[in-house]
Protein chains: 2
Amino acid sequence: MTMHDASIISQDCSDCPIRHRAVCAKCESDELTQLEEVKYYRSFQAGQTIVFQGDRMDFVASVVSGIATLTQTMEDGRTQMVGLLLPSDFVGRPGRNEAAYDVVATTDIVMCCFRKRPFEQLMAKTPHVGQRLLEMTLDELDAAREWMLLLGRKTAREKIASLLTIIARRDASLNLSGDANSLTFNLPLTRDAMADYLGLTLETVSRQVSALKKDGVIELKDKRTIHVPDMQILLSEAGDDADGGIF
Amino acid sequence: MTMHDASIISQDCSDCPIRHRAVCAKCESDELTQLEEVKYYRSFQAGQTIVFQGDRMDFVASVVSGIATLTQTMEDGRTQMVGLLLPSDFVGRPGRNEAAYDVVATTDIVMCCFRKRPFEQLMAKTPHVGQRLLEMTLDELDAAREWMLLLGRKTAREKIASLLTIIARRDASLNLSGDANSLTFNLPLTRDAMADYLGLTLETVSRQVSALKKDGVIELKDKRTIHVPDMQILLSEAGDDADGGIF
DNA sequence: ACTTTCTGTTGATCTGTGTCAAAGCGCGCG
DNA sequence: CGCGCGCTTTGACACAGATCAACAGAAAGT
């Protein structure tokens with residue numbers, strides 16, 4: 001069986017601004033037509049909570065534009081971000097009813113949703129959709145476990161460098177700019193959100209960003225626009241071993 | 001389509017000491033017979049590395065007896081345990097060739113293995129096996145994300161309490177002893193392994209275990225045998241909100 | 001233009017956990 | 001038996017990052 005690598009529904013999901021990378025694309029069977037019928041769009045404002053932890057979640061979705069975060073919360077209010085949803089990312093847990101964490105829009109965001117039940121029925125009938133979803137879930141699991149290494153063992157400076165590396169890589173792979181070694185990108189998170197993702201406080205984040213700037217590893221055009229003169233230096237600051245992706 | 005909840009191969013996998021909870025059980029189709037043919041057992045000694053990060057891994061397996069750990073390593077040698085394999089747990093990444101982390105036997109361990117290629121072929125043919133595997137992967141993802149909260153935001157004492165809670169819960173659900181509120185179990189990890197799992201040093205682990213003992217939250221029969229007089233107290237020490245499982 | 005609010009920076013101080021070091025078990029092995 | 005080795009405990013001290021606090025700039029509302 002060949003695995004396709006493109007969008008969830010069709011090669012030309014004409015009314016989606018992006019081609020969802022979520023599930024399998026190149027199939028034009030009846031089931032996909034079925035699924036088209038239960039597709040709908042939702043948009044949310046920056047700061048809005050899309051789903052609360054424990055809520056019944058009756059859809060799965062992929063991000064069309066904007067950014068959202070997955071956050072877990074303790075009784076006393078401490079929070080830890082456990083995932084970041086960027087355009088083309090998939091969210092939703094087929095087979096599960098309750099959301100395991102809060103999903104919060106960081107910027108204004110548009111999502112392409114599918115009602116869960118029909119989606120699950122499609123999965124049961126067409127194995128390759130399930131396969132693709134399993135692959136995606138394994139990717140998320142890998143990412144989560146790398147993040148565990150970061151949270152448990154990296155210093156504040158390494159954490160910041162790692163986060164910047166990831167954002168930079170995502171940005172570069174979407175915009176595929178020519179120059180691979182020096183690049184400028186937009187950091188779509190507040191210092192507070194970064195702290196939340198990295199298991200730090202916002203003050204520590206601010207200090208370490210300043211330190212990286214002072215040491216010439218990064219430059220700040222404005223507070224949210226980062227220029228990296230030499231990606232290799234940032235990578236070594238991150239403390240990762242041989243990085244798979246680009247760079 | 002009904003989802004089964006028992007073992008990977010059959011209800012009576014006669015030569016496996018346990019019933020694997022790994023995949024789907026109650027099916028008696030030809031495919032399962034096929035799979036029986038590629039099943040084999042491997043045992044490893046305590047301390048032995050079963051797979052190295054980056055190695056080609058040509059099998060999937062479930063743990064029959066014993067314990068293993070999943071560990072990620074940085075260039076400079078810092079390590080973070082990202083998962084714990086207890087009896088009936090599944091390990092392996094269908095569709096992936098390389099292991100993403102080291103798998104190390106903590107105790108002597110026996111695993112029931114299946115050659116990966118035939119296993120994948122089975123998955124492609126029988127959707128419910130893939131479904132089950134997706135479910136299991138989602139469970140692992142949930143566990144990983146809860147662990148991220150622990151690593152990023154919990155204090156050393158809370159970390160210890162959380163770990164004990166998890167081991168206790170696993171133990172209780174396997175042995176289903178009558179008394180739910182007070183129980184004794186075996187902690188199959190060295191202080192060093194605990195530290196590795198919790199993102200701490202072994203000295204801190206030792207100190208916090210002593211502190212919990214002094215405060216009467218736990219009692220130590222010997223260094224590896226823990227008695228919890230009142231599970232509720234341990235739970236509140238762990239800082240978790242409303243716990244799903246037993247307890 | 002003025003205030004308010006939100007975001008980010010920087011400083012001073014405190015504290016939890018890491019680091020380094022020593023010593024106490026318990027157990028297998030010669 | 002006693003020796004050595006792996007695991008654990010405990011102590012003294014250092015330091016990274018948290019906490020508390022003040023302030024600066026930018027955007028938004030009045």
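We name chains A, B, ... by the order of the sequence lines, and we start the count at 1 in each one. In this text the structure is predicted, and so the values were computed from the model without any measurement.
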Rounded to 10 degrees, the angle between the two terminal axes of the helix from C/dA1-D/dT30 to C/dG30-D/dC1, each from five pairs: 30°

DNA chain D-proximal residues of residues 210-222 of chain A, any heavy atom under 4.0 Å: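 Contacting residues: none.
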
Anything under 4.0 Å to a heavy atom of chain B counts; send over the first and last such nucleotide of DNA chain D, read 5' to 3'.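 First-to-last contact on DNA chain D, by the 4.0 Å heavy-atom rule, is D/dC7 to D/dA12.
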
Only one of B/Ile50, B/Leu70, B/Thr69 clears side chain to side chain contact (heavy atoms under 4.5 Å, CB included) with B/Leu85; which?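 Going through B/Ile50, B/Leu70, B/Thr69 one by one, the side chain to side chain contact (heavy atoms under 4.5 Å, CB included) with B/Leu85 is satisfied by B/Leu70 alone.
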
Distance col, row B/Arg224:CZ vs B/Phe185:CZ, nearest 0.5 angstrom, shows 13.0 Å

Give, for atom OG1 of A/Thr165 and atom CG of A/Leu235, the distance between the pair rounded to the nearest 0.5 Å. 5.0 Å

Taking only residues at least two apart or on different chains, which pairs with a member in residues 55-86 of chain B satisfy ring-ring contact (aromatic ring centres under 6.0 Å, His included)?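 The answer is none; no pair qualifies.
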
Once ring-ring contact (aromatic ring centres under 6.0 Å, His included) is applied, what residue pairs with a partner in residues 151-173 of chain A remain, sequence neighbours excluded?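 Counting only pairs at least two positions apart or across chains, no ring-ring contact (aromatic ring centres under 6.0 Å, His included) contact touches residues 151-173 of chain A.
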
Going by salt bridge (Lys or Arg N to Asp or Glu O under 4.0 Å), name the residues that satisfy it together with [X], two or more places apart in sequence or in a different chain.
{"X": "A/Arg42", "result": "none"}
{"X": "B/Asp108", "result": "none"}
{"X": "A/Lys154", "result": "A/Asp240"}
{"X": "A/Asp55", "result": "none"}

Between C1' of C/dA21 and CG of B/Leu202, the distance in whole Å: 13 Å

Sequence neighbours left out, what passes ring-ring contact (aromatic ring centres under 6.0 Å, His included) with B/Tyr197? Give chain and number order.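 By the ring-ring contact (aromatic ring centres under 6.0 Å, His included) rule, B/Tyr197 matches B/Trp147.
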
Under 4.0 angstrom, heavy atoms only, what part of the nucleic acid is B/Ser206 near: base, sugar-phosphate, or nothing? base

Between A/Arg78 and B/Arg153, is there a donor-acceptor pair closer than 3.5 Å when you use the side chain of the first and the backbone of the second? yes

For nucleotides 17-19 of chain C, which of its nitrogen or oxygen atoms have a protein nitrogen or oxygen under 3.5 Å away, and what is each distance?
unit_1, atom_1, unit_2, atom_2, d
C/dT17, OP1, B/Ala156, N, 3.0
C/dG18, OP2, B/Thr201, N, 3.4
C/dG18, OP2, B/Thr201, OG1, 3.1
C/dG18, OP2, B/Thr204, OG1, 2.4
C/dT19, O4, B/Arg207, NH2, 2.9

Salt bridge or not between A/Arg93 and B/Asp139? Use side-chain N to carboxylate O under 4.0 Å.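 No, no charged N to carboxylate O under 4.0 Å.
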
Would you tabulate the side-chain donor-acceptor contacts of residues 203-218 of chain A under 3.5 Å, counting partners in other chains and residues two or more places apart, or write 'none'?
unit_1, atom_1, unit_2, atom_2, d
A/Thr204, OG1, A/Thr201, OG1, 3.1
A/Ser210, OG, A/Ser206, O, 3.0
A/Asp215, OD2, A/Arg157, NH2, 2.3

